[in-house]
Amino acid sequence: MRTPDIIQQQAFQALLEELGQASPSEVKAVLDKREMVQPEEELTPEIVARFQQRIRNASKA
């Protein structure tokens, strides 16, 4: 018998396969169009800076 968790995992995997993968240029195009907003109050400038650095590092990989 399949549990709800297994059914959900299988459905998610099927969705990922259906969607496929985006190329780096497609990802960049979408990210370039995003709206820039203020960070949430809970995020300190240090956390924001670390997160931005992680994004920069990932885009170089």
Side-chain angles (χ1 to χ4, degrees):
M1 180 175 177
R2 297 186 312 171
T3 66
D5 286 342
I6 292 173
I7 294 170
Q8 184 178 19
Q9 289 172 351
Q10 290 172 339
F12 181 67
Q13 188 61 41
L15 175 62
L16 289 178
E17 290 174 14
E18 180 182 331
L19 292 174
Q21 289 188 331
S23 70
S25 61
E26 290 172 316
V27 172
K28 183 176 181 341
V30 169
L31 291 176
D32 287 344
K33 292 179 184 178
R34 71 181 184 257
E35 177 185 356
M36 299 303 280
V37 296
Q38 292 296 318
E40 296 178 16
E41 290 180 20
E42 298 85 13
L43 297 176
T44 65
E46 293 81 16
I47 292 173
V48 172
R50 284 190 353 220
F51 185 64
Q52 289 172 334
Q53 184 61 50
R54 288 182 73 174
I55 293 171
R56 283 191 294 275
N57 292 347
S59 67
K60 293 177 188 175

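Of the N and O atoms on the side chains of Q53 and R50, not one donor lies less than 3.5 Å from an acceptor on the other residue.
Within a 6.0 Å sphere centred on CD of E40, heavy atoms belonging to other residues, nucleotides or ligands number 12 at most. Shown here is Q10, whose CD atom has more than 12 heavy atoms of other residues, nucleotides or ligands within 6.0 Å.
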| request: In sequence, state the C-alpha distance, the side-chain angles, and the governing distance for Q9 and D5, and then conclude on side-chain hydrogen bond (donor to acceptor under 3.5 Å, both in side chains). | output: CA-CA 6 Å; Q9 289 172 351; D5 286 342; over 6 Å; no
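Here the CD-CD distance, from Q13 to E17, works out to 5.0 Å after rounding to the nearest 0.5 Å. To the nearest 0.5 Å, atoms CD1 (I6) and CD (Q8) are separated by 11.5 Å.
Among pairs with a residue in residues 23-37, those fulfilling side chain to side chain donor-acceptor pair (under 3.5 Å) read S23-S25, S23-E26, K28-D32, at least two apart in sequence or across chains.
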